[in-house]
Amino acid sequence: MRKFQKFFLHGGRQWSLIMERSCVSSLPAADYCLRSAARRLISLIALALKLDEDYFVKVGALDDPEGFLRLLHYPGELGSSDEEPIYGASAHSDYGMTTLLLTDGVAGLQACVCREKWRQPRVWEDVPQIHGCFIVNIGDMMERWTNCLFRSTLHRVMPTGQERYSMAFFMDPNPDCIVECLESCCSESCPPRFPAIRSGDYFTERFRLTYD
Ligand SMILES: O=C(O)CCC(=O)C(=O)O
Ligand SMILES: [Fe+2]
């Protein structure tokens, strides 16, 4: 991964400034493979939800543009002990459908293992990178589609004092896709928890709350 070093966005304190999409033109093969793997995963999720395997294609979620690759570099600063830790990434859930993540194996990524992710105290577990495997996050849009059957994963990157690289492929629904509770995920006793929303509007609001 280090040979792509010049393309990486720099994390640490500046993480919250990282909004722009990474330039993937120099990484077409990686982008193509990640996109194909994410599309396959999403068709498996559809089957798991007892939907047609191309359900998310049919609702326009995978119309172009969908998804982007972010390359991240964390310098590994620890900060002084009397300060808040300098998070590589503070606690957040990804906004889209699913994220495929590959890291260089350096520790730091943690996931909140509580079912109610915003309830305190949170319990965090280290997420190891298993060689040859993706780390998969469920995103907020999938949480809304499935009425919380699939929860979006709250995660963060802790500083370890070691430099770290990662690549995250975010499979986000097309901005014009309307995300609304799936029929198979609600009933009279379990009504939809979220109103229908245009994916692009959800993203705009999340970015506003995060960066304003
Ligand atoms: O670098 C990592 O391991 C996680 C990155 C991440 O959570 C993100 O970019 O949303
Ligand atoms: Fe994330």
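Keep in mind that the numbers below use all heavy atoms, side chains included, and drop hydrogens, waters and symmetry copies. These numbers were taken from a predicted model, which means no experiment stands behind them. The chain is numbered in sequence order, starting from 1. Indexing begins at 1, ligand by ligand and atom by atom, following the structure's order.
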(message) Which residue in the set I138, L62, V179 passes side chain to side chain contact (heavy atoms under 4.5 Å, CB included) when paired with M97?
(response) L62
(request) Taking only heavy atoms of L72 into account, list the atoms of ligand 1 that are under 4.0 Å away from them. (result) 5 (C), 9 (O)
(message) Is the distance from the ring center of F207 to that of Y95 below 6.0 Å?
(response) yes
(request) Begin with the C-alpha distance, continue with both residues' side-chain angles, and end with the deciding distance and a verdict on side chain to side chain donor-acceptor pair (under 3.5 Å) for K117 and S152. (result) CA-CA 9 Å; K117 53 181 170 278; S152 58; 3.1 Å; yes
(request) Could you tell me which atoms of ligand 1, counted from 1 in the order shown, lie closer than 4.0 angstrom to a heavy atom of V157? (result) 1 (O), 2 (C), 3 (O), 4 (C)
(message) Counting only heavy atoms not in E188 (residues, nucleotides, ligands), do more than 12 fall under 6.0 Å from its CD?
(response) no
(message) Could you check whether any heavy atom of R156 sits closer than 4.0 Å to an atom of ligand 1, since that is the contact criterion I want to use?
(response) no
(request) Measure from atom 2 (C) of ligand 1 to every heavy atom in R164, R70, H155 and give the option owning the shortest one. (result) R164
(request) Just let me know how S166 lines up against ligand 1, side chain, backbone, both or neither, with a heavy-atom cut-off below 4.0 Å. (result) side chain
(request) Answer with side chain, backbone, both or neither: which part of L101 has a heavy atom less than 4.0 angstrom from an atom of ligand 1? (result) side chain
(request) State whether the shortest distance between N or O atoms of H92 and N or O atoms of ligand 1 falls below 3.5 angstrom. (result) yes
(message) Checking side-chain polar atoms at under 3.5 Å, does R206 have a donor or acceptor matched by the opposite partner on Y202?
(response) yes
(request) Check salt bridge (charged side-chain N to carboxylate O under 4.0 Å, His left out) between E53 and all other residues, then give those that pass, not counting sequence neighbours. (result) R40
(message) Tell me the contacting part of N137 for ligand 1: side chain, backbone, both, or neither, using a 4.0 Å heavy-atom threshold, strictly below.
(response) neither
(message) To check your reading of the site, what angle at the Fe ion (ligand 2) do OD1 of D94 and NE2 of H155 form, to 10°?
(response) 100°
(message) Quick check: W145 with F56 (ring centres under 6.0 Å apart)?
(response) yes
(request) Would you tell me whether N174 and E66 have side-chain atoms, one donor and one acceptor, within less than 3.5 Å of each other? (result) no
(request) Provide the number and element of each atom of ligand 1 under 4.0 Å from a heavy atom of Y74. (result) 1 (O), 2 (C), 4 (C), 5 (C)
(message) Show me which atoms of ligand 1 lie under 4.0 Å from any heavy atom of F170.
(response) 8 (C), 9 (O), 10 (O)
(request) Using only N, O or S atoms, tell me which atom of H92 is closest to the Fe ion (ligand 2). (result) NE2
